[in-house]
Amino acid sequence: MSPDLLEQGSERLRSASGPGYGRLVQPGQLDLAHGRILYLEDVSVSFDGFRAINRLSIDIAPGELRCIIGPNGAGKTTMMDIITGKTRPDSGTVYFGGTINLLRHSEAEIAQLGIGRKFQRPTVFEAMSVFENLELAMQGARTLRTSLWGRLSGAQRDRLAEVLMLIRLQDQMNRSAGLLSHGQKQWLEIGMLLVQDPRLLLLDEPVAGMTDQETERTAELILTLKGRHSIIVVEHDMGFIDRIAEKVTVLAEGAVLAEGTLAQVQANDRVIEVYLGR
C-alpha cells in the first residue's frame with residue numbers, strides 16, 4: 001500500500017463525515033438520570049429562507065429503538081445532521097444525556113462522545129479486507145499505518161470476532177470490502193460503528209437498495225442490537241419499519257406530525273394525507 005493511500009486513509013479516519021472514532025468520555029459518565037439519552041427541544045434551522053426544521057422537539061430513552069418516517073423534505077436527514085454537529089440550528093437545545101450540550105461540540109467530538117452514524121450510502125475502505133476495516137475502526141486515533149501493522153490484544157480480537165458474527169460476515173472476513181454485496185457493505189459499516197461501542201446509533205435508510213433477504217437480515221441485526229444501544233432508524237420501507245418498530249415518529253415540514261405505534265400513526269388522518277396516501 002502506498003504512503004499516499006495510507007495518508008488518505010488516516011485522513012478519512014479523522015474525518016467526521018463517516019463513522020466516529022475514539023472517545024472523549026467513558027460510557028459511565030453519560031448522565032441518564034432523567035431517562036433520556038437524547039433530547040431536542042424547540043430546534044429550528046433555515047436554509048436560504050426555507051425552514052427545514054421547525055421548532056422540533058423529540059427525546060429518546062436509553063436502549064430505545066425509535067423509527068423516524070415522513071415524506072421527502074420532512075427534515076429527517078437534517079435532524080440527524082444537527083444531532084451529529086454537521087448542521088448548526090438557528091435556535092433550540094440538543095443534549096446527549098442530561099449534561100452534554102451537543103451544540104458546543106464539533107462533528108468529530110460528537111462522534112467521540114459515543115454517537116455513531118451510518119449514512120445512506122456505505123462508506124467503507126473497499127481495497128481492504130472486512131477484518132481490516134473493522135480493525136481500523138476499533139484502533140481509533142492511532143494512525144492508519146500503526147493500525148494496520150500493530151498488534152491486537154486478545155480482548156480486541158474477541159470483540160472483532162463477536163461483531164463479525166453479529167453482522168454475519170465471519171466467512172467474509174478476509175475478502176476485500178469492494179467485493180461485498182450492497183447489503184454486506186451496509187452491515188460492515190454498522191460493524192465499524194459497533195466495534196467502537198457507541199451509546200447511540202443513527203441509521204439513515206439502512207435497507208435502501210437491499211434485496212428482501214438482506215432486508216430481513218438487517219431487521220434481525222437491529223433487533224439484536226436493541227437494548228444494547230439506543231437506536232434511531234430513518235427509513236421509507238414500511239414493511240421493514242413494521243418488522244422492527246415499537247415507537248414511530250412521523251416528521252413533516254420539519255416538525256413532529258404524529259407519534260405512536262406504527263398502527264396508530266398509519267391510522268392518523270394527517271399522516272395519511274401528508275405521507276401514506278389512501
Side-chain angles (χ1 to χ4, degrees), residues 1-22 77 80 84 86 107-108 111 116-152 156-198 201-222 224-225 231 233-237 240:
M1 183 176 293
S2 71
D4 287 344
L5 183 56
L6 286 169
E7 181 56 33
Q8 291 170 14
S10 296
E11 182 60 32
R12 286 183 62 188
L13 285 173
R14 291 190 291 268
S15 171
S17 64
Y21 298 92
T77 296
M80 286 192 168
T84 55
K86 185 176 182 180
E107 286 186 73
R117 179 178 183 180
K118 199 207 79 61
F119 290 78
Q120 294 178 15
R121 294 183 179 181
T123 54
V124 300
F125 295 94
E126 295 199 351
M128 303 175 67
S129 71
V130 169
F131 186 87
E132 287 170 335
N133 271 272
L134 294 174
E135 181 182 1
L136 283 173
M138 173 176 280
Q139 297 291 3
R142 298 173 60 184
T143 67
L144 180 59
R145 186 186 300 275
T146 303
S147 296
L148 281 173
W149 289 285
R151 292 184 178 180
L152 292 172
Q156 287 175 318
R157 288 191 174 277
D158 289 345
R159 178 58 178 157
L160 288 175
E162 178 186 4
V163 169
L164 281 166
M165 292 288 288
L166 274 173
I167 62 176
R168 300 188 181 186
L169 293 180
Q170 66 272 23
D171 294 335
Q172 308 290 328
M173 62 180 290
N174 294 317
R175 193 179 189 192
S176 294
L179 299 178
L180 299 176
S181 71
H182 172 71
Q184 289 173 325
K185 289 178 182 177
Q186 297 279 38
W187 302 334
L188 175 56
E189 187 169 16
I190 292 174
M192 292 171 70
L193 294 175
L194 293 178
V195 296
Q196 301 160 57
D197 295 322
L201 282 171
L202 308 180
L203 306 179
D204 197 351
E205 297 192 28
V207 299
M210 286 190 179
T211 65
D212 290 343
Q213 183 180 32
E214 288 173 336
T215 297
E216 176 59 26
R217 284 195 170 191
T218 303
E220 292 171 359
L221 171 60
I222 291 175
T224 298
L225 298 176
I231 307 172
V233 176
V234 169
E235 186 53 71
H236 288 289
D237 187 322
F240 175 73

Quick one: pull up CE in Met138 and CZ in Arg157 and give me the separation to the nearest 0.5 Å. 10.5 Å
Contact check, side chains of Val195 and Glu135, non-hydrogen atoms, under 4.5 Å: no
Looking at Thr123 and Glu189, what are the two nearest heavy atoms and their distance? OG1-OE2, 2.8 Å
Sorted by chain and residue number, the side-chain hydrogen bond (donor to acceptor under 3.5 Å, both in side chains) partners of Arg217 (sequence neighbours excluded) come out as none
Non-hydrogen atoms of Ala208 and Gln186 that approach each other most closely: O-NE2, 4.2 Å
Taking the side chain as every heavy atom from C-beta outward, state whether Asp204 and Lys118 have any atom pair closer than 4.5 Å. no
Measure the CZ-NZ distance between Arg117 and Lys86 for me, rounded to the nearest 0.5 Å. 6.0 Å
Does any part of the side chain of Leu188, heavy atoms only, come nearer than 4.5 Å to the side chain of Leu169, both counted from C-beta? yes
Are Leu164 and Phe131 close enough that some pair of their side-chain heavy atoms sits under 4.5 Å apart? yes
Within a strict 4.5 Å, meaning less than it, do heavy atoms of the Met128 and Leu136 side chains meet? yes
How close do Lys185 and Leu180 get, counting heavy atoms only, and between which atoms? CE-O, 3.5 Å
Would the distance check show the side chain of His182 and the main-chain N or O of Thr211 forming a donor-acceptor pair, the cut-off being under 3.5 Å? no
Does a donor on one side chain and an acceptor on the other come within less than 3.5 Å for Glu214 and Ser181? yes
Which pair of heavy atoms, one from Ile222 and one from Pro206, lies closest together, and at what distance? CD1-CG, 4.4 Å
Before you tell me yes or no, could you show the steps for Leu194 and Leu201 under side chain to side chain contact (heavy atoms under 4.5 Å, CB included), namely the whole-Å CA-CA distance, both residues' side-chain angles and the distance that decides it to 0.1 Å? CA-CA 9 Å; Leu194 293 178; Leu201 282 171; 3.9 Å; yes
Under 3.5 Å, which donor-acceptor pairs link side chains of residues 170-177 to any protein atom two or more places apart or in another chain?
from, atom 1, to, atom 2, distance (Å)
Gln172, OE1, Arg175, NH1, 3.3
Arg175, NH2, Leu179, O, 3.3

Is a donor on one side and an acceptor on the other found under 3.5 Å between the side chain of Asn133 and the backbone of Phe125? yes
Does His236 have any side-chain hydrogen bond (donor to acceptor under 3.5 Å, both in side chains) partners at least two apart in sequence or in another chain, and if so, which? Asn72, Tyr275
Begin with the C-alpha distance, continue with both residues' side-chain angles, and end with the deciding distance and a verdict on side chain to side chain contact (heavy atoms under 4.5 Å, CB included) for Met210 and Thr218. CA-CA 9 Å; Met210 286 190 179; Thr218 303; 3.1 Å; yes
With rounding to the nearest 0.5 Å, note down the distance linking CD1 in Ile190 to CG in Leu166. 10.5 Å
Rounded to the nearest 0.5 Å, what's the gap from CG on Leu134 to CD on Gln156? Could you check? 12.5 Å
